[in-house]
K.L.:
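Just dropping this structure here.
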There are 2 protein chains.
Amino acid sequence: MVAEEGAKKSNCLRCAMRARSIFAGLSGEELCALGMDVIDLEFAGGTTIYREGDSASYAYTLREGAIKLVKSLADGRAQIVRLLHHGDLLGFEGLHREQHQHTAIALSTVKLCRLDLRELDLLSQRLPAVREAIFRRWQRALEEAESRIVDLGTRRAEARLATFLLQWAQAYPQRRSLPFPLTRQDLGEFLGLSTEHVSRIMADFKRRNWLRESRGELEILDPKALGAVSVS
Amino acid sequence: MVAEEGAKKSNCLRCAMRARSIFAGLSGEELCALGMDVIDLEFAGGTTIYREGDSASYAYTLREGAIKLVKSLADGRAQIVRLLHHGDLLGFEGLHREQHQHTAIALSTVKLCRLDLRELDLLSQRLPAVREAIFRRWQRALEEAESRIVDLGTRRAEARLATFLLQWAQAYPQRRSLPFPLTRQDLGEFLGLSTEHVSRIMADFKRRNWLRESRGELEILDPKALGAVSVS
DNA sequence: CGGACAGTTGACATAAATCAAATAGAGTGG
DNA sequence: CCACTCTATTTGATTTATGTCAACTGTCCG
C-alpha cells in the first residue's frame, strides 16, 4: 500500500514507448525542442496514483504494468471504469476538466511517465500531431466504453467474463502465460458482478480446462471454447 | 417509416442553434468565410439517418427532436448506446473512422443540419475553436458513457429507470410536460432490461403517482420520489 | 368494424446476489 | 521449519431480481 515512488527526469528520445506515445509523430529535433518536464515514476501495486476529485495537474503514459480507473459509489461499492495496459494514457481528462474523473490505482508495479497538463495543453495547441494523437486515443476510449455498455446491457455473466479474459490476453500478445494481477473483486467491479459469482465462473472455466491460474499468472488453454461462450 | 426528407441550404448566421453549435466561438465574418455546404434536413420519426457500417460522409447537428444511436447484435437484439437531444452532434466518429459506428434512428420528427465530413476536417485543422468544440463534445460523450457503465454495472432496474427519467427531463428544462417518444422497448434497449420489466416498473411509478403519461408526453409529478429511488 | 401493435399483467423459469461457512494460500514471527 | 494469522477464494443454501412465455387490453387507424 505504500508508494514506493522513484522519480527521475525522463529521456523521451530513447524511450522504448516513443513510437506508441502521443509524441509518435514528432521528429527527434521537435522532441528535444519541447522543453517539457517529463518525469519517470515507478509505483508499487496497490498505490493510488490520483483520486477522483483531485485537482488535475498531471497526465501520465503507462509504460509498464496495469492500472484500474475506478469510480466509487456512495454505498461503498465501486465500479472499475477502465483497465489500462502498457501504452495507454491516463489523467488526460484534466485537459478540459479541473478535476480527475476517476481514481487511478496500480494493479501491479507500474512505470509511468508524468506530463505537466499545462505544458501539455500549450504543446497540443502548437503541434497538430500531438493534438491529433490525443484526440484519437479519446475516440478509442469512447468506442471501448460504448462496447462495454453493450456488453453490460445485453450479455450474461459467463459471456462477459469470457470476453474479458480474451481481451486481457490481447494486451499481452505472444505470451503464453499472462500477468494477471486482478482479484475476483476487481473482476466483479469491472464486470458488474458479485465476487462470488465471478469466483464460481472462474472455477468452472478452470474445471473445464479452459484456464490455468497461479499467483498472478493466467494461462488461457482453450481460447476457442472461451470465444464460443463469449458470443452466447 | 418513410423518409419525409426536406433539404435546403442552411443559413448558419441566423441559426437559433448557433451559440450552442461547434461554430459557437466564431465571429459572423468567420462563419461567412467558411464556404461550407451546410444543409438543413427534416426527417419523420422512425427514419434511419445512417447505418452502422455505412461509409461516413456526413456529420450532423441535431436542431430539434430526439435520436437514438443503436448497436445491433447478431441475435437480433439491440442496445441503444446513446440518446441525443437538441444541440447534440452525431456522425462525428467519421472524422477518424471510415464507417459509422452506430445506426442513427429518429425517435420523433427531427431537424438536422448536415455537414460534409471532409470539409469539416479541413476546417477543424484551420480553426482551433472548432476543433476545440468538437473535442469537448467528445469528452462529454465519454463521461456520459462512463457514467452509464457505472449505472449498468451497479444499479438495479428501478434505480436505472428513475435516473434515466430524471435525466431525460433535464433535456427539456422549464417544461412541465415532456416530449417522450420512447417505446417500452426503446427504454429496455437503453437500460439493458426486458420490455416487460420496464413496463412493470413504469406502471408501478404511475400507480404511485410519480408520473403521468399520455401519447408521447410524460409528466414527472414527483421528482423527489424518483430521485430517492434512483440512488438506492 | 377489424387489424395491428404497444402496453399490461400473470405465472413461471432462470440468473445472479446474498449470507454463511469452509478452505486454501501467503506472509509473519518464533 | 513450523504454527499462526490474515485474507482471498471457493462452495453451498437460499433469496431476490429479472427474463421469458403467454394471455389479455387498449388504442390508433384504415
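Basis for what follows: all heavy atoms, side chains included, without hydrogens, waters or symmetry-related copies. Letters A, B, ... are given to chains in the order of the sequence lines, protein chains preceding strands, and every chain is numbered from 1.
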K.L.:
Side chain of A/R215: nearest nucleotide among C/dG7, C/dA26, D/dG19?
P.N.:
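Nearest to the side-chain atoms of A/R215, counting from C-beta on, is C/dA26.
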
K.L.:
Using the six-membered ring wherever Trp is involved, compare the ring planes of A/Y50 and A/Y60 and label them parallel, tilted or perpendicular (cut-offs 30° and 60°).
P.N.:
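It falls in the parallel class, under 30°.
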
K.L.:
I want to verify a distance call: between D/dG19, D/dT10, C/dT9, whose nearest atom is closest to the A/K206 side chain?
P.N.:
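Nearest to the side chain of A/K206 among the choices is D/dT10.
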
K.L.:
Considering heavy-atom distances to DNA chain D, does B/I201 or B/E196 have its closest nucleotide positioned more toward the 5' end?
P.N.:
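Mapping each residue to its closest nucleotide by heavy atoms, the 5'-most match is B/I201.
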
K.L.:
Give B/R160 one of three labels, base, sugar-phosphate or nothing, depending on what nucleic acid heavy atoms sit under 4.0 Å from its own.
P.N.:
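The residue B/R160 makes no contact with any strand.
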
K.L.:
Knowing that exactly one of A/R63, A/R140, A/K68 qualifies, which makes a salt bridge (charged side-chain N to carboxylate O under 4.0 Å, His left out) with A/D88?
P.N.:
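Going through the options one by one, the only one that passes is A/R140.
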
K.L.:
Contact class for A/R155 vs. all strands (heavy atom < 4.0 Å): base, sugar-phosphate, or nothing?
P.N.:
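Result for A/R155 = nothing.
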
K.L.:
Rounding to a whole Å, what distance do you find between A/H197:NE2 and D/dA13:C1'?
P.N.:
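My rounded result for the distance is 15 Å.
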
K.L.:
Measure from the side chain of A/S194, starting at C-beta and using heavy atoms only, and say which of D/dT10, C/dA17, C/dA16 lies closest.
P.N.:
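Among D/dT10, C/dA17, C/dA16, the one nearest the side chain of A/S194 is C/dA17.
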
K.L.:
Whether A/D204 and A/R200 form a salt bridge (side-chain N of Lys/Arg under 4.0 Å from carboxylate O of Asp/Glu) is what I want to check.
P.N.:
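Between A/D204 and A/R200 there is no salt bridge, as every charged N stays at least 4.0 Å from the carboxylate O atoms.
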
K.L.:
Report the nucleotide, chosen from C/dG7, D/dT18, C/dA16, that has the shortest atom-to-atom distance to any side-chain atom of B/L193.
P.N.:
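Of all the options, the side chain of B/L193 is nearest to D/dT18.
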
K.L.:
Could you check whether A/E93 pairs with A/R82 (Lys NZ or Arg NE/NH1/NH2 to Asp/Glu carboxylate O, under 4.0 Å)?
P.N.:
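Looking at A/E93 and A/R82, the cut-off is not met.
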
K.L.:
Across the strands shown, which category fits B/G192 at heavy-atom distances under 4.0 angstrom: base, sugar-phosphate, nothing?
P.N.:
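Sugar-phosphate: the residue B/G192, judged by heavy atoms under 4.0 Å, touches backbone atoms but no base.
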
K.L.:
Between C/dT18 and A/R200, counting only base atoms on the nucleotide and side-chain atoms on the residue, is there a donor-acceptor pair under 3.5 Å?
P.N.:
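Answer is yes: a donor-acceptor pair is held.
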
K.L.:
Rounded to whole angstrom units, what separation is found between the CZ atom of A/F205 and the P atom of D/dT11?
P.N.:
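In whole Å, D/dT11 P lies 14 Å from A/F205 CZ.
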
K.L.:
From the options D/dT11, D/dT20, C/dG7, select the nucleotide whose nearest atom is closest to the side chain of B/S199.
P.N.:
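That would be C/dG7.
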
K.L.:
Output the rounded distance in Å from CZ (A/R184) to P (C/dA16).
P.N.:
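Rounded to whole Å, this separation is 17 Å.
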
